[in-house]
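Before any comments, here is the structure.
What you see below is based on every heavy atom in this structure, not just the backbone, and it leaves out hydrogens, waters and symmetry mates. First listed ligand is number 1; within each ligand, the first listed atom is number 1.
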Amino acid sequence: MKGFVKKILENQTSCAKECATAFAPSNIALCKYWGKRDPQLNLPLNSSLSISLGSLGTKTTLSACTKQKDEIWLNGTVQDTNSIFAKRISEFLDLFREHLNNSFFTVRTENNIPTAAGLASSASGFAALVLALNDWAGWNLSRRDLSMLARLGSGSAARSIFTGFVQWHAGHQADGMDSFAEPIDVVWPDFRIGILTISDQKKAVGSREGMNRTTNTSTLYKAWPSQVENDLKKLHKALRHRDFTRLGTTAEHNALAMHATMLAACPPLLYFQPETIKQIHRIHQLRTDGLALYFTIDAGPNLKLLFQKEQQSAVQSAFPELTVIAPFSENI
Ligand code: PMV
């Protein structure tokens with residue numbers, strides 16, 4: 001990983017500022033990333049496509065720390081050096097220290113994603129950290145390079161460098177230099193996402209282990225690359241034509257196909273709770289009754305509803321507890 005960072009920072013000179021702050025949005029994949037071709041460089045087996053969540057995400061402030069260790073804060077509370085959160089950030093910063101005078105940092109992370117929403121914050125967290133580093137060190141990296149650096153922290157963080165619809169290209173090269181995200185030039189102001197929280201409990205199997213287990217043991221995984229290839233084509237077409245039915249149908253199919261590969265892993269990965277299944281049936285019934293409502297779901301029990309502005313009041317009366325996000329109409 002250090003070699004990869006060195007390559008990206010090859011022509012950069014570092015000139016430290018006192019402090020730097022950056023924001024990155026969280027994102028939800030409509031075509032999922034599931035499986036790594038290189039776990040070290042965090043290279044995916046398949047490309048993915050997401051929508052960033054507007055002003056919901058992570059704000060990170062970085063400054064040099066005079067102690068001989070990093071000081072990591074999360075939402076106003078200093079974290080124990082041995083906590084999983086602090087360790088993950090410090091290990092990520094280790095990749096950069098030789099380019100930064102071997103500095104240690106005070107990192108203040110603020111997530112405005114409601115913690116009860118059970119949304120992963122690692123994507124926006126690593127993206128915001130990389131953006132803050134770029135600013136703090138006075139580098140002039142392209143967004144493409146920043147997305148590759150964010151990828152080293154968490155795969156989906158590559159997409160959080162951008163707003164709106166984003167594609168992360170899996171790439172083919174062994175050195176990982178062609179695996180980056182880029183924005184898709186589509187603005188869809190009526191697009192809505194609803195976070196339906198089923199549980200905010202930490203998941204039993206994280207995405208790294210889940211992907212590993214699926215690629216190593218699931219007999220259904222061999223069908224996944226062609227599923228993704230078809231779904232990406234359909235999603236691009238849907239985005240070009242603002243065809244919501246095609247987009248919703250494809251995103252829902254893609255998420256359930258990913259869960260099918262997980263269910264066929266050994267031991268099986270079952271991220272659904274009974275309540276997840278109950279709500280999926282409700283969504284299907286509402287759709288049968290004429291509501292243009294779809295969902296997607298990641299490696300956890302929570303549902304992310306997909307709909308448009310026109311359906312917002314009907315969707316909110318069916319799901320009063322929903323957190324609604326308008327990714328194109330918030331100032332960030
Ligand atoms: O970026 P990671 O390692 O947290 O993996 C994300 C995996 C999914 O959320 C299930 C899919 C995706 O593309 O975001």
Run the side-chain contact (heavy atoms from CB on, under 4.5 Å) check on Asn75 and Thr109 step by step: do they pass? CA-CA 6 Å; Asn75 293 338; Thr109 304; 5.9 Å; no
So, regarding Ser156 and ligand 1 (criterion: nitrogen or oxygen to nitrogen or oxygen, under 3.5 Å), is there a contact or not? yes
Residue Ala29 vicinity, atoms of ligand 1 by number, heavy atom under 4.0 Å: 12 (C), 13 (O), 14 (O)
Looking at atom 9 (O) of ligand 1, what's its closest protein heavy atom, distance included? Asp298 OD1, 3.4 Å
Residue pair His284, Glu252: steps toward the side-chain hydrogen bond (donor to acceptor under 3.5 Å, both in side chains) verdict: CA-CA 11 Å; His284 285 170; Glu252 192 171 304; 2.7 Å; yes
Can you confirm whether His169 is buried at NE2, in the sense that more than 12 heavy atoms of other residues, nucleotides or ligands lie under 6.0 Å from that atom? yes
Give a yes-or-no answer on whether the side chains of Asn27 and Ser160 include a donor-acceptor pair shorter than 3.5 Å. yes
If the threshold is 4.0 Å, N to carboxylate O, is there a salt bridge linking Lys17 and Asp135? yes
I want to know if ligand 1 touches Trp34 in the polar sense, i.e. an N/O pair below 3.5 angstrom. no
Please determine whether any non-hydrogen atom of Ala299 lies less than 4.0 Å from an atom of ligand 1. yes
Should Lys36 be counted as touching ligand 1, given the test is an N or O pair under 3.5 Å? no
Hey, is ligand 1 close enough to Arg159 that some N/O pair sits below 3.5 Å? yes
Tell me, which protein residue and heavy-atom name are nearest atom 7 (C) of ligand 1, and how many Å apart are they? Tyr33 O, 3.7 Å
In ligand 1, the atoms that come under 4.0 Å of a heavy atom of Gly155 are 1 (O)
Given the rule in the side-chain hydrogen bond (donor to acceptor under 3.5 Å, both in side chains) test, do Glu110 and Trp73 qualify, once you have shown the distances and angles that lead to the verdict? CA-CA 8 Å; Glu110 312 262 344; Trp73 294 70; over 6 Å; no
Give the single entry among Ser121, Ala150, Ser207, Gly210 that approaches atom 3 (O) of ligand 1 most closely by any heavy atom. Ser207
For the backbone of Gln273 and the side chain of Thr276, can you confirm whether one donor and one acceptor N or O come within less than 3.5 Å of each other? yes
Does the separation of the ring centres of Phe244 and Tyr294 fall below 6.0 angstrom? yes
Just jot down the ligand 1 atoms closer than 4.0 angstrom to any heavy atom of Met211, in number order. 5 (O), 7 (C)
Determine whether any heavy atom of Ala123 lies closer than 4.0 Å to an atom of ligand 1. no
